Structure formats: structure tokens, C-alpha cells
There are 2 protein chains.
Amino acid sequence: MKETTLKQIATELGISITTVSKALKNYPDVSESTKKAVKDLAIALHYTPNSFAVNLRTKESKTIGLILPTVLHDFFSNVIDGILEEAEKRNYLVIILQSNEKYELEKKQIDLLLSKRVDGILLSLSNETGEFHHLKPIFEHNTPLVLFDKIAKIVNCSKVSINDKKAAYDAVTYLIKKGYKKIAHFRGSYMPQNSIDRFLGYKKALEDHDISYDSSLVFVCDNNTDFEDGYENARKAMAVQPEIDAVFAVTDLVAIGAIKYFNEMGIKIPQQIAIFGFSNWFMSSLITPKLSTVDQPGFEIGRTAAAILFDEIYSKKNNLPIVFQSIELETSIIERQST
Amino acid sequence: MKETTLKQIATELGISITTVSKALKNYPDVSESTKKAVKDLAIALHYTPNSFAVNLRTKESKTIGLILPTVLHDFFSNVIDGILEEAEKRNYLVIILQSNEKYELEKKQIDLLLSKRVDGILLSLSNETGEFHHLKPIFEHNTPLVLFDKIAKIVNCSKVSINDKKAAYDAVTYLIKKGYKKIAHFRGSYMPQNSIDRFLGYKKALEDHDISYDSSLVFVCDNNTDFEDGYENARKAMAVQPEIDAVFAVTDLVAIGAIKYFNEMGIKIPQQIAIFGFSNWFMSSLITPKLSTVDQPGFEIGRTAAAILFDEIYSKKNNLPIVFQSIELETSIIERQST
DNA sequence: TTGTATGCGTTATCAA
DNA sequence: TTGATAACGCATACAA
């Protein structure tokens with residue numbers, strides 16, 4: 001199909017392109033009669049503006065880029081959902097890219113988005129990312145950037161996340177109040193700040209409740225922070241410290257791995273050992289026993305990050321000052337059968 | 001940052017824009033010396049072509065659109081992963097949109113993508129979509145389209161899916177061979193073809209093995225084809241037909257709901273009743289007992305659909321003939337503990 | 001109220 | 001081997 005252009009409408013109506021353009025955008029300085037004529041014909045010819053030309057003229061694409069470690073992840077799916085909802089509301093499109101938890105790939109995806117001239121970028125840092133040179137081009141391009149979930153405090157931009165330390169603190173405090181005394185922690189690897197903060201929250205909760213921290217109760221998930229880690233660490237923990245009466249896991253998946261192990265061993269949950277997860281993955285309410293966990297509001301994180309980004313895009317466009325925000329969304333304790 | 005343009009390089013070097021453009025693209029009719037000078041300066045100035053201008057000139061955006069019912073879905077996450085991998089390989093970007101299983105929204109998203117002039121569209125139809133007027137604009141724009149998973153045979157374009165009927169047939173045959181005699185089916189709603197085909201496969205398998213079809217063993221999932229449906233139907237089934245010794249569920253989630261019910265009732269799986277799912281969701285191997293299911297290769301479906309789309313985009317661009325393909329990827333039976 | 005002229009940054013044709 | 005010129009389709013400052 002030949003695409004209709006302003007020019008065609010103009011010649012057909014015997015008026016200028018300018019007038020057509022203005023008429024379609026309801027400029028006040030076009031007579032009602034020509035407006036009507038133009039609009040009617042535009043509809044009849046199924047006119048839609050050529051967005052390539054509009055982009056070139058306006059220097060914006062009404063498109064943002066989203067980079068996240070992986071799309072195969074319950075939490076990130078919720079984030080995406082939130083972002084898409086907000087983008088739809090604001091009439092933006094979203095290009096999604098994965099970093100596979102690799103610094104180099106993250107860098108490549110950033111450059112790609114920049115070369116496509118997206119209006120803004122939403123980024124959740126990869127586990128490998130410990131240094132931020134690769135963000136420099138974003139700032140040089142003056143492209144709005146919002147970090148979410150896996151953020152870095154040093155980076156000078158808006159951020160949306162949860163307070164991992166507090167959430168972990170609350171979870172462990174909950175366990176203590178429930179009467180558990182020997183609480184193990186299956187922690188994440190040493191890289192992403194989230195793991196560290198959750199560990200710190202665990203430690204602080206113990207100390208604040210007069211339980212001395214015992215490093216032999218901490219087990220690291222060094223594979224992928226996933227199911228196998230939980231299973232394996234549960235086995236190790238039982239071998240070394242059979243008196244453990246509760247486990248606070250860095251992630252639901254780790255917790256589920258642990259549950260699997262205890263189920264297989266005939267160790268009763270929560271009678272003999274309690275399990276507490278983190279994130280509130282969908283499946284956590286479907287397993288047996290249902291997992292108590294920290295609710296991490298993925299949808300809301302995505303929605304908020306996107307909203308902030310769109311605001312910054314708007315401000316930039318209108319030369320308004322931009323004040324970076326650092327938002328920490330509330331988490332909550334979800335009590336189910338495993339504690 | 002001021003973006004570098006061809007013009008700047010040209011003036012800086014005292015040559016024409018044309019020559020700069022050609023030099024950068026390694027045209028044979030530019031001298032090596034100027035080529036080198038141009039390229040060096042381009043690198044020094046961090047030149048990247050303005051993709052808005054390129055789009056306008058070349059009439060392509062190197063971007064495709066993806067519309068799927070929802071992103072909150074294990075299977076679709078895998079599809080997305082496959083699509084992104086293929087897109088990356090071919091240097092395309094992917095814009096993702098959701099239809100929320102609504103016809104009207106699907107229509108709106110299509111028009112949106114078209115107005116953005118994506119080079120091609122990947123679409124998995126919503127459950128509500130029973131009529132295909134809304135695809136007309138795609139064909140009018142002459143935009144390549146590939147349907148995947150939720151396809152419609154009538155639509156004249158390439159398609160990638162599995163053979164739902166055969167997969168269901170294989171699953172039920174497996175159950176029969178295992179010795180199960182009274183096999184119930186928790187079927188999906190009447191709308192998407194997938195549900196229908198899985199039901200037909202169930203029926204045919206029974207008939208081919210001399211088990212007469214009994215409609216009172218079929219229970220419809222009319223909520224959302226999800227967890228609750230499985231739980232509810234398991235309850236109903238036990239109330240009405242306690243001699244059922246196996247359940248073939250339209251979906252893993254439905255199967256997991258059923259498992260939940262039987263677990264709660266103390267009904268032993270698979271000794272008293274076997275459960276068979278469909279899709280091989282990630283969580284299916286984590287629940288207790290692990291679920292036997294049909295593996296539906298989401299990643300591969302996504303990858304293949306994308307590959308076909310890119311081939312069609314290429315063919316269209318080069319005025320080569322396009323032959324629509326209908327590909328059915330292999331499924332396989334995954335035997336675990338629930339059968 | 002309408003139209004002219006210009007430019008956004010590239011690519012492509014054709015002449016020099 | 002190089003460059004002048006036009007064109008892609010639209011938006012806007014300015015003139016009429």
C-alpha cells in the first residue's frame with residue numbers, strides 16, 4: 001500500500017502542506033472549514049504520520065529502552081508488566097534487551113539503544129557490573145536513565161528499589177519473634193549489592209535481638225543463587241549444624257530448593273525447621289508447604305521507574321530542572337505455612 | 001553532547017558529505033587515503049549515524065514488534081528469550097506489547113506498531129480473537145507477519161506452533177500404556193484453538209485404545225485456565241467420579257492446582273491418581289511430586305518464528321518471492337513422579 | 001487564515 | 001575519484 005503523506009492531502013485539496021499539517025494538529029490559526037476538509041480526507045485516505053520523519057524532525061522517538069539481566073525470571077516479568085502499563089499510558093514504546101548478567105553485553109546493549117536514539121533508558125544492573133564506565137555514553141548523550149532493582153548508589157541518576165537490608169531485617173526479626181533461635185542464612189554471592197544488604201539485614205536483626213552472629217550458620221549460594229543452591233546448602237547445613245531451626249534464604253528459589261531437601265528427608269516444615277524466602281515468586285504459594293516470604297513489588301517497581309523516566313524525559317524536553325529521585329518501595333512480610 | 005554528523009566530518013576535512021558517507025560505507029570509488037582520513041576522524045568524534053535519518057531514507061527501522069497475551073507467563077518468557085536471541089543475531093530490536101487476551105487491545109497494539117513502521121510483526125493471538133479483521137492493516141502495509149503458538153489456520157501468513165492434538169494424544173497414550181483406565185481431562189475454555197486441539201487429542205487417544213470417551217470425565221476450566229481451576233475441578237471430579245485414576249490437564253498450572261488438592265486430601269500421587277500436565281513450566285519440576293508433562297519448546301518457538309520473520313523481511317526488501325511456512329515443532333513427553 | 005522557505009541527517013543519482 | 005543536488009516526510013519561523 002502506498003502510504004498517504006501530507007503532500008498528497010495537500011495537492012488533492014489544492015492547499016499547502018503547511019496548512020494540512022497545522023489542520024491535523026488543530027492549530028488555532030486554521031479555519032474550521034479547511035480543518036474539516038483536511039481531517040475528512042485524512043481519514044478517508046487512512047493517513048498516519050510517517051514516524052521516521054517525525055522522529056527526525058522532533059528528535060525523539062517516543063520509545064524507551066529496557067535492559068535487564070534476564071527475562072526468564074518471575075520478578076522481572078512483573079517489572080516488565082509494570083513498565084509496559086506505564087508506557088502505554090504515556091504513549092511510549094519499549095524495546096527490551098537482556099544483559100545475561102554480563103558487563104560486556106550490558107555495555108553493548110547500552111550502546112545499541114543509544115545508537116537507536118531512544119528517549120530514555122531503564123536499567124537493572126547485571127551481577128557482573130562493578131564499575132560504571134559503560135554508563136558514560138548515556139550521560140554524554142544526555143539520555144535520561146533510571147536504575148531499578150539492581151542499582152548502584154554511586155551512579156548519579158534516579159533509582160527505584162526496595163530496602164533489601166530492612167526487608168531482610170524484618171524477615172529475620174519475624175522469625176525471632178516466632179521463637180526460632182538458631183537461624184541460618186543461605187546468602188547470595190558476593191557481587192550484587194542486594195545479596196550483601198540482605199545478609200547485613202540478617203546480621204543486624206540477630207544482633208538487635210541479642211542473638212550472637214555465628215558465621216558458621218551462613219551458607220553461600222555460589223552457583224546461580226537458585227534451586228540447586230538451596231538444596232545443596234540445606235544438605236550441608238544439616239550435616240554441619242543439625243540444630244538449626246530456621247533458614248532465611250536470599251531468594252524464593254533457594255528457599256524452595258531447601259524445602260525440597262527437607263521434604264525428601266522427612267524433616268517437617270515448619271515443626272522441625274522453618275523456611276523463609278525472599279521475593280514472593282508466584283510459585284511460592286503453590287508449593288507444599290506454602291512459603292513465607294518477603295513481598296518484593298515487581299510490578300510497582302517497574303511502574304514507578306518508568307513513571308520517573310517519563311517525567312525526566314518530559315522535563316528535559318521542556319528545559320525544566322531534573323531532580324534525581326531515589327525511591328525505596330515498601331516490602332511486606334507474607335506469612336504462610338513454612339514458618 | 002552535540003551529536004556528530006556527516007556534515008561536521010565533511011567540513012572539518014574540507015570534503016563533501018557525499019564522500020564522507022561513501023567512505024564510511026567502504027564504497028569502492030573512494031580513495032584509500034580519504035577513506036582513512038574520514039574513518040579516523042569519525043572514530044575520534046565518536047560518530048554514529050543518526051538512525052532517525054537512516055530510517056527515513058531507507059524506510060526501515062531494523063525493529064520488529066512482538067504482541068503476546070501476557071508477559072507474566074513462563075512459556076511466553078521463554079518465547080521472548082528465543083526471539084531476543086535471534087533478533088540480536090540479526091541486529092534487530094524488539095518492541096514488546098501485551099494484548100491482555102483482549103481483541104480490542106490486540107487491534108490497538110497492531111495499529112501502534114504499524115504507525116511506528118516496524119519492519120515486521122510477531123503475534124500470538126489473544127484468547128478473545130476469533131475474527132481477523134484487525135490483521136488487515138498489516139497486510140495492507142505489506143508488513144511481514146508471523147503467528148506463533150496461538151495461531152489461526154485461516155490467516156495467510158507463516159506460523160510456528162506445536163501440534164497440540166498430537167502432543168495431547170501422546171500424553172494420554174502414555175497414560176493408557178502405563179495402565180491408567182479412567183482418565184479425566186481438565187480442559188481449557190472453548191475459545192483458543194489450543195484447548196480444543198488438546199481435547200481432541202485426548203479423545204482420539206482414548207478411542208484408538210478402545211476406551212470409550214465419557215464426557216462426564218471432562219471438566220472445563222472456565223476461570224482463567226489456571227491454578228484455581230485445577231484445584232476446583234479436582235474437587236468436583238472426586239465428588240462425581242471417585243474412580244478416576246488419572247488426570248490429563250490442559251496446562252501445568254491446572255495440573256499443579258489438582259496436585260495441591262490431592263495432596264491436601266491425602267490422596268496419593270501417583271498411586272491413587274496420576275497427574276499429567278502440559279507445557280513443562282519451570283516450576284513443574286520443583287513441586288512435590290514432580291509433574292509429568294509435555295515439553296513445549298517455548299524458546300525454540302520464539303527463535304524459529306523470529307528467524308522466519310527476518311527471512312521474510314529480507315526477501316521483501318530484495319524483492320524475492322516469499323513462501324509462507326507453517327512449522328510445527330516437536331514436543332516430547334517428560335516423565336516425572338506424578339504418573 | 002494561508003503559504004513559503006528551510007532544515008532535520010542521510011542516501012542515491014548523476015555529472016564533473 | 002569526487003561532489004552538487006535532490007529526496008525521504010514532516011514541522012516551524014516567518015512572511016504574506
Side-chain angles (χ1 to χ4, degrees), chain A residues 1-39 41-42 45-62 114-119 141-142 317-319, chain B residues 1-39 41-42 45-63 114-119 141 317-319:
Chain A
M1 180 173 84
K2 283 241 33 79
E3 302 292 341
T4 314
T5 64
L6 292 183
K7 194 176 174 182
Q8 286 172 41
I9 298 180
T11 43
E12 190 125 344
L13 253 39
I15 59 179
S16 78
I17 294 177
T18 309
T19 306
V20 174
S21 174
K22 284 179 180 168
L24 287 174
K25 318 193 105 183
N26 262 321
Y27 270 52
D29 59 355
V30 178
S31 73
E32 283 307 320
S33 58
T34 54
K35 261 186 201 168
K36 176 154 173 33
V38 168
K39 286 181 183 171
L41 186 56
L45 297 179
H46 298 106
Y47 171 79
T48 43
N50 181 319
S51 67
F52 296 160
V54 175
N55 291 347
L56 181 58
R57 267 304 314 224
T58 62
K59 297 186 185 310
E60 58 176 12
S61 55
K62 289 285 186 181
L114 254 18
S115 82
K116 278 285 170 176
R117 284 173 162 69
V118 292
D119 297 342
H141 275 263
N142 204 16
K317 187 177 167 186
N318 296 279
N319 291 312
Chain B
M1 181 174 82
K2 283 242 32 81
E3 301 291 341
T4 313
T5 65
L6 292 182
K7 194 175 174 182
Q8 287 173 40
I9 298 180
T11 42
E12 191 125 346
L13 252 39
I15 59 179
S16 77
I17 295 177
T18 310
T19 306
V20 174
S21 174
K22 284 180 180 168
L24 287 174
K25 317 195 105 179
N26 263 320
Y27 271 52
D29 59 355
V30 178
S31 74
E32 283 306 322
S33 58
T34 54
K35 260 186 199 168
K36 178 157 173 26
V38 168
K39 286 181 181 169
L41 187 56
L45 297 179
H46 299 107
Y47 170 78
T48 42
N50 180 319
S51 66
F52 296 160
V54 175
N55 291 347
L56 180 60
R57 271 305 317 219
T58 62
K59 296 186 185 310
E60 58 175 14
S61 56
K62 290 283 187 183
T63 302
L114 253 19
S115 82
K116 278 285 169 176
R117 284 175 160 69
V118 292
D119 296 344
H141 275 264
K317 187 176 166 184
N318 296 279
N319 292 312

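Throughout, a chain's letter reflects where its sequence line sits, starting with A, and its residues are numbered from 1. Side chains included, hydrogens not; waters and symmetry mates left out as well; all remaining heavy atoms used. These figures come from a predicted structure and were not determined experimentally.
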Taking side chain as C-beta onward, heavy atoms only, is [X] less than 4.5 Å from [Y]?
{"X": "Thr19(B)", "Y": "Val38(B)", "answer": "no"}
{"X": "Val20(A)", "Y": "Gln8(A)", "answer": "no"}
{"X": "Tyr47(B)", "Y": "Leu6(B)", "answer": "yes"}

Roughly, in whole Å, what's the span from [atom1] in [X] to [atom2] in [N]?
{"X": "Glu32(B)", "N": "dT1(D)", "atom1": "CD", "atom2": "C1'", "answer": "12 Å"}
{"X": "Arg117(A)", "N": "dC8(C)", "atom1": "CZ", "atom2": "P", "answer": "13 Å"}
{"X": "Ile9(B)", "N": "dT11(C)", "atom1": "CD1", "atom2": "P", "answer": "11 Å"}
{"X": "Lys7(B)", "N": "dT11(C)", "atom1": "NZ", "atom2": "P", "answer": "16 Å"}
{"X": "Lys62(A)", "N": "dC10(D)", "atom1": "NZ", "atom2": "C1'", "answer": "16 Å"}
{"X": "Asn26(B)", "N": "dT1(D)", "atom1": "CG", "atom2": "C1'", "answer": "15 Å"}
{"X": "Phe52(B)", "N": "dG7(C)", "atom1": "CZ", "atom2": "C1'", "answer": "16 Å"}

Original post:
Could you write nucleotides 11-16 of chain D as a row of B, S and -, 5' to 3', where a protein heavy atom under 4.0 Å of any base atom gives B, of only sugar-phosphate atoms gives S, and otherwise -?
Top reply: BBBB--
Taking only N and O in the side chain of [X], is any of them less than 4.0 Å away from OP1 or OP2 of [N]?
{"X": "Thr34(B)", "N": "dT2(D)", "answer": "yes"}
{"X": "Ser16(A)", "N": "dG3(C)", "answer": "yes"}
{"X": "Thr19(B)", "N": "dG3(D)", "answer": "yes"}
{"X": "Lys59(A)", "N": "dG9(C)", "answer": "yes"}

**OP:** Evaluate the side-chain hydrogen bond (donor to acceptor under 3.5 Å, both in side chains) criterion for residues Lys116(A) and Asn55(B): first the C-alpha distance (whole Å), next the side-chain angles of each, then the deciding distance (0.1 Å), finally the verdict.
**Re:** CA-CA 10 Å; Lys116(A) 278 285 170 176; Asn55(B) 291 347; 4.7 Å; no
Subject >> Asn50(A) vs Gly14(B), nearer the 5' end of DNA chain D by closest nucleotide >> reply: Gly14(B)
Original post:
Does the Ser61(A) side chain pair with the main chain of Arg117(A), one donor and one acceptor, at a distance under 3.5 Å?
Top reply: yes
**OP:** Would you check if the side chain of Lys59(B) reaches a backbone N or O of Phe52(A) as a donor-acceptor pair within less than 3.5 Å?
**Re:** no
**OP:** Supply the atom-to-atom distance Thr4(B) OG1 to His46(B) NE2, rounded to the nearest 0.5 angstrom.
**Re:** 8.5 Å
Original post:
Looking at NZ of Lys39(B) and OG1 of Thr34(B), how far apart are the two atoms once the value is rounded to the nearest 0.5 Å?
Top reply: 10.0 Å
Subject >> Contacts of type side-chain contact (heavy atoms from CB on, under 4.5 Å), residue Ala53(A), not counting sequence neighbours >> reply: Asn50(A), Leu56(B)
Subject >> Relative orientation of the end axes in the helix from dT1(C)-dA16(D) to dA16(C)-dT1(D), expressed as an angle to the nearest 10° (five pairs per end) >> reply: 50°
